[in-house]
Amino acid sequence: MAHEGLINVASGFSVRETVERLVAFAASHGLVVFARIDHADGAAKAGLALRPTELVIFGHPKGGTPLMQDRQTTGIDLPIKALAWEDADGKVRLTYNTAEWIAQRHGLGPAGAQAVAAIATGLAAAAKAATTA
């Protein structure tokens, strides 16, 4: 599945374990986990079925603030979000927006380039920690 600006990483774990691993990585690297949203639980409460799907919103003001100082609209895409979900075949994936896509979407200038690169590196490391043993 290819969508512009999205990275999809296959996970060797359940949705719940993938999220737990992502949250543990974030905590161990000084990031703030702002929210965890269990979409499947919300669907069940509405009487609807949804395969396991959980969203984690996380980041750090030192990473995101320089981007918002450049273009405040970047705040619509920050903090970073990662979605762990199970597809129709029972395979689990972790999906997130690329930092480069966020920068392009908001027309960020050179002042934010270092922050964009750091976010991209951090996201790749977080995804690897969450999805592989």
Side-chain angles (χ1 to χ4, degrees):
M1 178 169 86
H3 294 286
E4 183 179 347
L6 290 179
I7 298 287
N8 288 292
V9 180
S11 179
F13 306 100
S14 69
V15 167
R16 179 63 46 125
E17 181 66 18
T18 300
V19 168
E20 292 296 333
R21 293 171 65 87
L22 179 61
V23 167
F25 177 91
S28 72
H29 286 80
L31 301 173
V32 178
V33 175
F34 295 100
R36 290 176 64 167
I37 300 167
D38 186 336
H39 288 301
D41 182 58
K45 289 176 181 171
L48 302 168
L50 181 65
R51 291 184 300 274
T53 308
E54 294 188 42
L55 180 71
V56 179
I57 302 172
F58 65 101
H60 196 286
K62 285 186 178 183
T65 300
L67 305 183
M68 288 184 277
Q69 287 172 328
D70 187 7
R71 297 276 193 269
Q72 278 185 283
T73 58
T74 310
I76 195 76
D77 291 312
L78 298 173
I80 296 297
K81 294 169 250 354
L83 183 73
W85 55 284
E86 183 181 300
D87 70 15
D89 296 324
K91 294 179 181 161
V92 174
R93 310 232 183 264
L94 185 68
T95 302
Y96 59 91
N97 290 316
T98 67
E100 297 82 5
W101 178 82
I102 293 170
Q104 181 181 15
R105 179 179 189 203
H106 296 280
L108 297 178
Q114 185 176 3
V116 170
I119 291 169
T121 299
L123 278 170
K128 183 176 180 182
T131 60
T132 61

Looking only at non-hydrogen atoms, find the nearest pair between [X] and [Y] and report the distance.
X	Y	result
Ala82	Leu22	CB-CD2, 3.7 Å
Gly63	Ala115	O-CB, 3.7 Å
Thr18	Ala84	CG2-CB, 4.2 Å
Phe58	Phe34	CA-CD1, 4.0 Å
Pro79	Gly59	CB-N, 4.4 Å

Next on the checklist: Show, in sequence, the C-alpha distance, side-chain angles and deciding distance for Arg36 and Val19, and conclude whether the side chain to side chain contact (heavy atoms under 4.5 Å, CB included) test is met.
Outcome noted: CA-CA 9 Å; Arg36 290 176 64 167; Val19 168; 3.2 Å; yes
Check whether any side-chain heavy atom of [X] lies under 4.5 Å from a side-chain heavy atom of [Y], and answer yes or no.
X	Y	result
Val116	Leu108	yes
Leu50	His39	yes
Asp87	Arg93	yes
Glu4	Trp101	yes
Ile80	Ile57	no
Thr98	Leu6	no

Next on the checklist: Using side chain to side chain contact (heavy atoms under 4.5 Å, CB included), reason through Val56 and Val33 one step at a time and then give a plain yes or no.
Outcome noted: CA-CA 7 Å; Val56 179; Val33 175; 4.1 Å; yes
Next on the checklist: With side chain to side chain contact (heavy atoms under 4.5 Å, CB included) as the criterion, how do Ile119 and Leu67 come out once you've worked through the C-alpha distance, each side chain's angles and the decisive distance to 0.1 Å?
Outcome noted: CA-CA 11 Å; Ile119 291 169; Leu67 305 183; 3.6 Å; yes
Sub-3.5 Å donor-acceptor pair from the side chain of [X] to the main-chain atoms of [Y], do we have one?
X	Y	result
Ser28	Phe25	yes
Thr74	Arg71	yes
Arg21	Ala127	no

Next on the checklist: Tell me whether Ile76 at atom CD1 has more than 12 heavy atoms from other residues, nucleotides or ligands lying less than 6.0 Å away.
Outcome noted: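 At most 12 heavy atoms, drawn from other residues, nucleotides or ligands, come within 6.0 Å of this atom.
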Distance from [X] atom [atom1] to [Y] atom [atom2], nearest 0.5 Å?
X	Y	atom1	atom2	result
Leu94	Asn8	CG	CG	8.5 Å
Lys45	Asp41	NZ	CG	4.0 Å
Ser14	Glu20	OG	CD	9.0 Å
Leu83	Thr95	CG	OG1	6.0 Å

Checklist entry - Is Asp38 salt-bridged to Arg16, going by a charged N under 4.0 Å from an acidic O? => result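 Yes.
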Next on the checklist: Go through it in stages, so that I can follow the logic: the residues are Trp85 and Arg51, the test is side chain to side chain contact (heavy atoms under 4.5 Å, CB included), and I'd like the CA-CA distance, side-chain angles, deciding distance and then a yes or no.
Outcome noted: CA-CA 7 Å; Trp85 55 284; Arg51 291 184 300 274; 5.5 Å; no
Checklist entry - Do you know which of Arg105, His106, Glu100 makes side chain to side chain contact (heavy atoms under 4.5 Å, CB included) with Ile102? => result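 It is His106; the other options fail the test.
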Checklist entry - Does Phe13 share a hydrophobic cluster with Tyr96, counting links as ILVMFWY side-chain heavy atoms below 4.5 Å and allowing steps through other members? => result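 No; Tyr96 is not reachable from Phe13 via cluster members.
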Next on the checklist: According to a hydrophobic-cluster definition based on side-chain heavy atoms being under 4.5 Å apart (Ile, Leu, Val, Met, Phe, Trp, Tyr only), do Val92 and Ile37 belong together?
Outcome noted: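 Cluster IDs for Val92 and Ile37 differ.
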